[in-house]
K.L.:
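Structure incoming, see below.
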There are 2 protein chains.
Amino acid sequence: MKIPHIETLISRGPFSESAEWKRLRTELLAAVRAAEWPPGTGTFTIRPESGKKRGEGNGVKPIKDRTVSLLTAGRKYGEMKKRGLTDHRGTWVAEHPWPVGERIKPGNMDAAYVLQDAGIVCLEWETGNISSSHRSMNKMCLGLHKGSIKAGILVVPSRALYPFLTDRIGNIAELEPYFELWRSTDCAEGVLEIVVIEHDAVDLKAPRIPKGTDGRALT
Amino acid sequence: MKIPHIETLISRGPFSESAEWKRLRTELLAAVRAAEWPPGTGTFTIRPESGKKRGEGNGVKPIKDRTVSLLTAGRKYGEMKKRGLTDHRGTWVAEHPWPVGERIKPGNMDAAYVLQDAGIVCLEWETGNISSSHRSMNKMCLGLHKGSIKAGILVVPSRALYPFLTDRIGNIAELEPYFELWRSTDCAEGVLEIVVIEHDAVDLKAPRIPKGTDGRALT
DNA sequence: TATGGATCCATA
DNA sequence: TATGGATCCATA
């Protein structure tokens with residue numbers, strides 16, 4: 001997978017300049033670049049078919065799988081907790097709960113790295129509706145505002161990849177008008193970045209990425 | 001329709017204390033209270049049937065219609081523009097475009113009041129997915145941040161009304177963890193409020209609010 | 001093409 | 001019940 005652009009919205013304070021963050025960022029970007037289609041090819045080739053119509057084009061669910069599993073090596077927060085493993089310092093963990101919000105638990109992060117000292121680096125890979133990307137960004141901004149995360153990274157498709165995926169998926173173009181708002185987030189320190197992804201190649205003979213409704217009786 | 005709660009997130013500067021704002025707010029709340037079901041009854045009676053399952057419960061689209069038409073008296077921005085009417089000062093107008101964002105036009109407001117001096121009071125009635133409420137809030141925060149709107153009001157269902165409507169509709173409970181973030185919006189002046197709505201009564205014999213064919217609905 | 005929305009899904 | 005999706009719709 002290509003990364004045509006990285007938008008750095010916030011980068012402030014000692015952690016943003018630390019060797020640890022540089023290492024984690026490099027690791028994370030390498031895992032994003034390792035996303036592939038079809039599986040096992042080492043590159044991301046998309047079938048150029050519009051995703052807007054029912055049952056056509058490419059679904060989005062499998063796209064992030066390899067990145068998350070490369071980073072976390074299969075460590076999932078919930079499963080580890082069942083086995084009594086609750087100290088994740090120094091590792092990436094999938095499905096890590098959010099440390100913000102008291103009255104309502106705000107769901108899980110796609111992946112998180114728990115720092116040795118204190119704080120969390122959070123990865124959100126957006127494959128939902130564009131409006132869902134706003135919730136992801138807000139969640140990371142809230143974490144930075146409250147000081148409960150040290151860095152937040154959102155991964156979203158480029159406008160070139162967007163038309164081939166399920167209609168109205170999160171994409172960088174529609175987030176741009178809001179950059180100014182997120183840059184102005186009231187936080188003492190931290191990092192907030194949006195990583196843009198794009199297919200390596202287009203091939204009419206590439207298999208479609210299945211949509212979540214395949215094999216299910218929707219008719 | 002009942003208004004069990006109004007959450008005032010921002011209220012700052014001269015406009016927030018002006019007689020004009022007090023008048024507009026009263027007008028707006030009266031129009032919200034005038035929402036009704038079934039049409040013509042003067043009260044909002046909901047059929048207590050879960051909206052989560054396919055084809056069951058109540059859709060959301062018609063709920064805001066009466067409020068918007070009472071406020072705007074049928075004035076729609078697009079239609080008036082066609083007839084050469086572009087000065088809306090001193091009136092409420094439906095489907096008013098957003099004055100924020102240059103590279104991408106960020107859609108329309110449900111209703112807006114154009115002030116005599118400068119600035120706009122914006123009403124967003126959220127009947128979309130909860131994630132869509134985040135986009136609405138971000139849009140209003142961006143408008144306040146840039147000074148292009150004077151007030152933003154979001155209308156969302158209470159948690160008591162929520163279960164009877166289409167699954168995952170915007171609701172006040174899921175927005176609460178983010179109040180702290182929106183309160184901290186960097187803006188010089190303005191008003192930001194969330195108006196919570198709830199049915200007046202429940203009746204097993206009330207007609208269902210019809211659902212449309214969006215999303216994963218069939219036919 | 002572009003944008004806000006509306007509707008169900010998967011899983012804990 | 002609760003939460004983050006995933007998918008398709010309506011309209012300009």
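In what follows, chains carry the letters A, B, and so on, assigned in the order in which the sequence lines appear, proteins first and then strands, with residues in each chain numbered from 1. No hydrogens, no waters, no symmetry mates; every other heavy atom, side chains included, goes into these values.
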K.L.:
Tell me: CD of B/E176 to P of D/dT3, nearest whole Å?
P.N.:
11 Å
K.L.:
Under 4.0 Å, counting only non-hydrogen atoms across every strand here, what does A/S136 touch: a base, just sugar-phosphate, or nothing?
P.N.:
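The answer is sugar-phosphate, as A/S136 gets under 4.0 Å only of primed atoms, P, OP1 or OP2.
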K.L.:
Tell me, do A/V155 and A/M1 make a side-chain contact under 4.5 Å, heavy atoms counted?
P.N.:
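No, side chains not in contact.
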K.L.:
Please report the distance, rounded to the nearest Å, between CD1 in B/I130 and P in D/dA2.
P.N.:
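Taking atom P of D/dA2 as the reference, CD1 of B/I130 is at 13 Å.
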K.L.:
Evaluate the ring planes of A/H88 and A/Y77, with Trp represented by its six-membered ring, and classify them as parallel (under 30°), tilted (30 to 60°) or perpendicular (over 60°).
P.N.:
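Tilted: the ring planes of A/H88 and A/Y77 meet at 30° to 60°.
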K.L.:
Closest-nucleotide mapping onto DNA chain C: is A/P163 or A/E95 further toward the 5' terminus? I mean the 5' end.
P.N.:
A/P163
K.L.:
To the nearest angstrom, how far is B/N138 atom CG from C/dT3 atom C1'?
P.N.:
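After rounding, the gap between these two atoms is 16 Å.
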K.L.:
From the list D/dG5, D/dT3, C/dG5, which nucleotide is the closest neighbour of the side chain of A/S132?
P.N.:
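Looking only at heavy atoms from C-beta outward on A/S132, the closest nucleotide is D/dG5.
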K.L.:
Just so I know, are the side chains of A/M109 and A/W125 near enough to count as touching, which here means a heavy-atom distance under 4.5 Å?
P.N.:
no
K.L.:
So what does B/Y162 hit on the nucleic acid, given a heavy-atom distance under 4.0 Å: a base, only sugar-phosphate, or nothing?
P.N.:
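Base contact - B/Y162 has a heavy atom under 4.0 Å of at least one base atom.
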K.L.:
Counting only heavy atoms and a strict 4.0 angstrom limit, can you tell me which residues of residues 56-63 of chain A come near DNA chain D?
P.N.:
A/G59, A/V60, A/K61
K.L.:
I want to check one thing: is the phosphate of C/dG5, taken as OP1 and OP2, less than 4.0 Å away from some side-chain N or O of A/S131?
P.N.:
no
K.L.:
Would you please confirm or rule out a distance under 4.0 Å between OP1 or OP2 of D/dA2 and any side-chain N or O of B/R159?
P.N.:
yes
K.L.:
Measure the NE2-CD distance between B/H134 and B/E126 for me, rounded to the nearest 0.5 Å.
P.N.:
10.0 Å
K.L.:
Between C1' on D/dT3 and NE2 on A/H134, what's the gap in Å once rounded to a whole number?
P.N.:
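The answer, rounded to whole Å, is 19 Å.
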K.L.:
Is there a side-chain contact (heavy atoms from CB on, under 4.5 Å) between B/W21 and B/L115 once you walk through the steps?
P.N.:
CA-CA 10 Å; B/W21 166 238; B/L115 299 166; over 6 Å; no
K.L.:
Send over the distance from A/M109 CE to D/dG5 C1', rounded to a whole Å.
P.N.:
17 Å
K.L.:
When we call it a touch if two heavy atoms are under 4.0 Å apart, what does B/G55 touch: a base, just sugar-phosphate, or nothing?
P.N.:
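If one applies the 4.0 Å heavy-atom cut-off, B/G55 turns out to touch the sugar-phosphate alone, with no base involved.
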K.L.:
I'd like to know if A/R183 pairs up with A/E7 as an ion pair, taking the criterion as any Lys NZ or Arg NE/NH1/NH2 lying under 4.0 Å from an Asp or Glu carboxylate oxygen.
P.N.:
yes
K.L.:
D/dG5 C1' sits how many Å from A/I169 CD1, rounded?
P.N.:
9 Å
K.L.:
Please report the distance, rounded to the nearest Å, between CG in A/N129 and P in C/dA6.
P.N.:
12 Å
K.L.:
Select base, sugar-phosphate, or nothing to describe what B/E126 touches, counting heavy atoms under 4.0 Å on all strands.
P.N.:
sugar-phosphate
K.L.:
Within the pair A/K52 and C/dA2, is there a side-chain N or O less than 4.0 Å away from OP1 or OP2?
P.N.:
no
K.L.:
Does the side chain of B/R54 get closer than 4.0 angstrom to OP1 or OP2 of C/dT7 through an N or O atom?
P.N.:
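So the side chain of B/R54 is outside the cut-off, no N or O lying under 4.0 Å from OP1 or OP2 of C/dT7.
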K.L.:
Of the nucleotides D/dG4, D/dG5, D/dC8, which has the atom closest to the A/T166 side chain?
P.N.:
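Among D/dG4, D/dG5, D/dC8, the one nearest the side chain of A/T166 is D/dC8.
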K.L.:
Grab the two heavy atoms, one from A/I169 and one from A/T127, that are nearest each other, plus how far apart they are.
P.N.:
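Between these two residues, the closest heavy atoms are CD1-O, 3.6 Å.
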K.L.:
How many Å lie between CZ on B/R168 and P on D/dT3, as a whole number?
P.N.:
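For the pair B/R168 CZ and D/dT3 P, the rounded distance is 7 Å.
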K.L.:
Between B/E174 and B/R159, is there a side-chain N and carboxylate O pair less than 4.0 Å apart?
P.N.:
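B/R159 and B/E174: salt-bridged.
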K.L.:
Does D/dC8 have OP1 or OP2 under 4.0 Å away from a side-chain N or O of A/K211?
P.N.:
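Yes.
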